[in-house]
Amino acid sequence: MATDTAKISQLKSAVANLNQISESEKTGFVSLVSRSLSGEAQQVEWSKIQTPTDEVVVPYDTLAPTPEDPEETRKLLDKLVVLKLNGGLGTTMGCTGPKSVIEVRNGLTFLDLIVIQIENLNKKYGCSVPLLLMNSFNTHDDTQKIIEKYSNSNIEIHTFNQSQYPRIVVDDFVPLPSKGHTGKDGWYPPGHGDVFPSLKNSGKLDALLSKGKEYVFVANSDNLGAVVDLSILILVFIVTPKTLADVKGGTLISYEGKVQLLEIAQVPDQHVNEFKSIEKFKIFNTNNLWVNLKAIKRLVEADALKMEIIPNPKEVDGVKVLQLETAAGAAIRFFDHAIGINVPRSRFLPVKATSDLLLVQSDLYTLVDGFVIRNPARTIPANPSIELGPEFKKVASFLSRFKSIPSITELDSLKVAGDVWFGVGITLKGKVSIAAKSGVKLKIPDGAVLQNKEINGPEDI
C-alpha cells in the first residue's frame, strides 16, 4: 500500500499533465486531496456537539423590520448581489440540460422566476441588483444560450464556472482522465463549497467589489422559497425548522465553541438515527447564505476556508472512483460574528423530485410577480406528504399522468404506486393511498373527490 506522501506525489505528477483544467483548479484539487488524506474528513466527536442557542441561531420573528424609507431600501439593495447555484442537471427528473430550465409553474422555469423576481425588485426600488449564476462544466454551454432570452430585461446577468476536478480511481489513486476517461464522466464539480474560491478565481469577486457591491445572497436555483428578504440583508446563514424529510442538507450545531454545519456524512454510524431525530436537531440547513464579499476575499486569499470534506464514492463504467466535495454552509465557522436565522418553512421550497413539483403546481400555491405564494386556504402549517411511484419519476411521465393537478389544500398525505392516471378536477383530502394492481391500469375519473381513501381498484373509488 502506497504511503499518503507517495499517493500525493503520484497524484501531483498526473494532475500536472491534465491540460483541460487551470492551474488554480489543479492546486485546489491537490490541496483538497491532501487535506482528506491527513484526516480532515473524519467524523466529529459526538460528545462535543451542543444545540445552538437563540443568540447564534436567531428566531426570524425577532429581526428588525424592513426599512420604511424607500431611498434607504434602494441604497441597501444596491449593495446586494444574488448568486444562484446552477451547476446541477435535471437528469434525476428525466430532463436534459440544467435543472433550472425545468418548467415549474404556468410555463415558467426556475430561471424565469428568478429573473422576474429580481426584475420586479429593481423596478420597485429603482435599484440595480445583478444576478450571478455559478455553472458547472455540465451546465455552462446550455446556460449561456438560455440567458440570451433575458437580454432585454432590466437585470444584469453574469455567469462563472465552478471548479472542474478529476475523479480519483480508488484502486491506484490515479485521476480517472489519466486512464483514458477524457469525457465528462472523468470529472466532477466539487460541491457548492467551491463557490467561494471560484467566485474569486473567476475575477467576478473583484469586479463586484469595484462596483460597490458588499453582500451576496447565495441559494440553490431549485429552491422557490429562496428570495431576497430585506430583513436579513446581513451576514447570516439561514436555517429552517426541520421535518422528517430533511436529512441531506445538514444542521447547525455548536462545536468546540463555534457554530458549524453538521452533515450526515460526518455522523458516526451509531448516531445516524439520532442525527435524523427532529427532537434533538430541530433546525435544517436550507443552503441560503448571506455573506460579506470583502470577508470572502480575505478568507480565500488567506486560504483559510478549510471546510469539512465529504467523500462521495461513485462508479464509472465499472471502475470505483472517489470524488471529494465541500458544502458552502460549512464555511460559517470561518466568518467572524456569523449567525444563523431560524426562518419560516416558506423560505425553503425545493423541487428535488416530481412529488415536489406536484406541490408547487397545485392550488396549494399561487404565483405573484415571480414569487410562489402559499394559499391561505391551507390552514395546516406543514405541506402534505407526497410519495409518487417510479412511474411518475420523470417530468414527462408525471405530466402525462395528470390531466390536471388535483386540489390538495385539505390533503394530509398521498401515496401513489403502479400504473395510475388522474383525470380533470380531482380533489384529494385527508390521507389518500392509491395502488394499482400489477398489470392493471387504474384511472381516477374526472371530478372525483377522494377523502381518507385507500384505493386498489375502480371499485374503491
Side-chain angles (χ1 to χ4, degrees), residues 18 20-26 28-29 32 81-93 95-104 108-118 129-151 153 155-167 177 182-208 213 216-224 226 287-289 291 293 296 300 312 323-329 331 350-352:
L18 298 177
Q20 301 97 319
I21 57 177
S22 67
E23 290 303 316
S24 63
E25 287 171 312
K26 293 176 184 179
F29 171 69
L32 189 65
V81 178
V82 174
L83 193 163
K84 295 290 183 172
L85 304 171
N86 191 53
L89 294 168
T91 48
T92 56
M93 295 174 69
C95 299
T96 58
K99 186 179 180 183
S100 59
V101 299
I102 293 176
E103 291 186 3
V104 288
L108 298 172
T109 67
F110 290 106
L111 199 50
D112 290 336
L113 295 177
I114 292 165
V115 170
I116 291 169
Q117 290 166 11
I118 300 176
V129 176
L131 171 64
L132 261 71
L133 299 173
M134 185 176 83
N135 303 323
S136 67
F137 61 87
N138 289 315
T139 62
H140 172 74
D141 291 344
D142 287 337
T143 300
Q144 294 305 108
K145 296 172 185 175
I146 291 161
I147 61 175
E148 290 177 4
K149 72 175 183 175
Y150 307 119
S151 58
S153 62
I155 170 177
E156 284 185 34
I157 301 179
H158 304 277
T159 65
F160 67 99
N161 273 19
Q162 71 176 115
S163 299
Q164 177 177 333
Y165 287 175
R167 286 172 164 155
T182 54
K184 286 187 176 181
D185 61 356
W187 307 86
Y188 75 99
H192 43 62
D194 184 58
V195 64
F196 304 114
S198 291
L199 189 60
K200 175 70 172 65
N201 294 337
S202 67
K204 296 296 183 185
L205 179 58
D206 287 333
L208 292 169
K213 302 300 180 182
V216 60
F217 169 41
V218 182
N220 294 339
S221 61
D222 64 1
N223 181 2
L224 297 173
N287 208 36
N288 292 0
L289 311 171
V291 193
L293 289 169
I296 294 175
V300 172
N312 191 356
Q323 53 192 55
L324 303 175
E325 304 173 7
T326 59
V351 179
K352 303 294 184 185

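Since the structure is predicted, the reported quantities are computational estimates derived from the model, not experimental observations.
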Return the minimal non-hydrogen interatomic distance between [X] and [Y], and the atom names on each side.
X	Y	answer
Tyr165	Gly28	OH-C, 3.3 Å
Thr143	Pro98	OG1-CG, 3.7 Å
Glu148	Gln144	CG-O, 3.6 Å
Leu289	Gly329	CD2-CA, 4.2 Å
Pro177	Leu18	CB-CD2, 4.0 Å
Ser153	Tyr150	OG-O, 2.6 Å

Compare all side-chain heavy atoms of [X] with those of [Y] and state whether any distance is below 4.5 angstrom.
X	Y	answer
Pro166	Gln20	no
Met93	Ile102	yes
Leu108	Ile116	yes
Thr326	Pro190	no
Leu111	Ile147	yes
Gln162	Val195	no
Phe196	Val218	no
Lys200	Asp206	yes

So, are Arg167 and Asp185 salt-bridged, with charged N and O less than 4.0 Å apart?
no
Audit row: Val129, Ile155, side chain to side chain contact (heavy atoms under 4.5 Å, CB included) steps and yes/no
CA-CA 7 Å; Val129 176; Ile155 170 177; over 6 Å; no
What's the separation between atom [atom1] in [X] and atom [atom2] in [Y], rounded to the nearest 0.5 Å?
X	Y	atom1	atom2	value
Asn161	Glu25	CG	CD	8.5 Å
Lys184	Gln164	NZ	CD	9.0 Å
Ser100	Asn135	OG	CG	8.0 Å
Ile114	Ser221	CD1	OG	5.5 Å
Leu83	Leu131	CG	CG	8.0 Å
Tyr188	Ser163	OH	OG	9.5 Å

Verify the distance criterion only: is there a donor paired with an acceptor across the side chains of Thr109 and Asp112 at less than 3.5 Å?
yes
Determine yes or no for a side-chain-to-main-chain donor-acceptor pair under 3.5 angstrom, with Lys99 supplying the side chain and Gly87 the backbone.
no
Donor-acceptor contact below 3.5 Å, side chain His192 vs main chain Ala327:
no
Can you list everything that forms a side chain to side chain contact (heavy atoms under 4.5 Å, CB included) with Lys204? Sequence neighbours excluded, please.
Leu132, His158, Phe160, Leu199, Ser202
Contacts of Ser24 meeting side chain to side chain contact (heavy atoms under 4.5 Å, CB included) (sequence neighbours excluded), chain-then-number -> Ser22, Asn201
What's the verdict on side chain to side chain contact (heavy atoms under 4.5 Å, CB included) for Met134 and Asn86, showing C-alpha distance, side-chain angles and the deciding distance?
CA-CA 5 Å; Met134 185 176 83; Asn86 191 53; 5.9 Å; no
Which residue, Ile296, Val300, Val81, Val216, forms the side chain to side chain contact (heavy atoms under 4.5 Å, CB included) with Leu205?
Ile296
Could you go step by step and tell me if Leu224 and Leu113 meet the side chain to side chain contact (heavy atoms under 4.5 Å, CB included) rule?
CA-CA 8 Å; Leu224 297 173; Leu113 295 177; 3.8 Å; yes
Verify side chain to side chain contact (heavy atoms under 4.5 Å, CB included) between Asn220 and Phe110, making sure each step is shown before the conclusion.
CA-CA 10 Å; Asn220 294 339; Phe110 290 106; over 6 Å; no
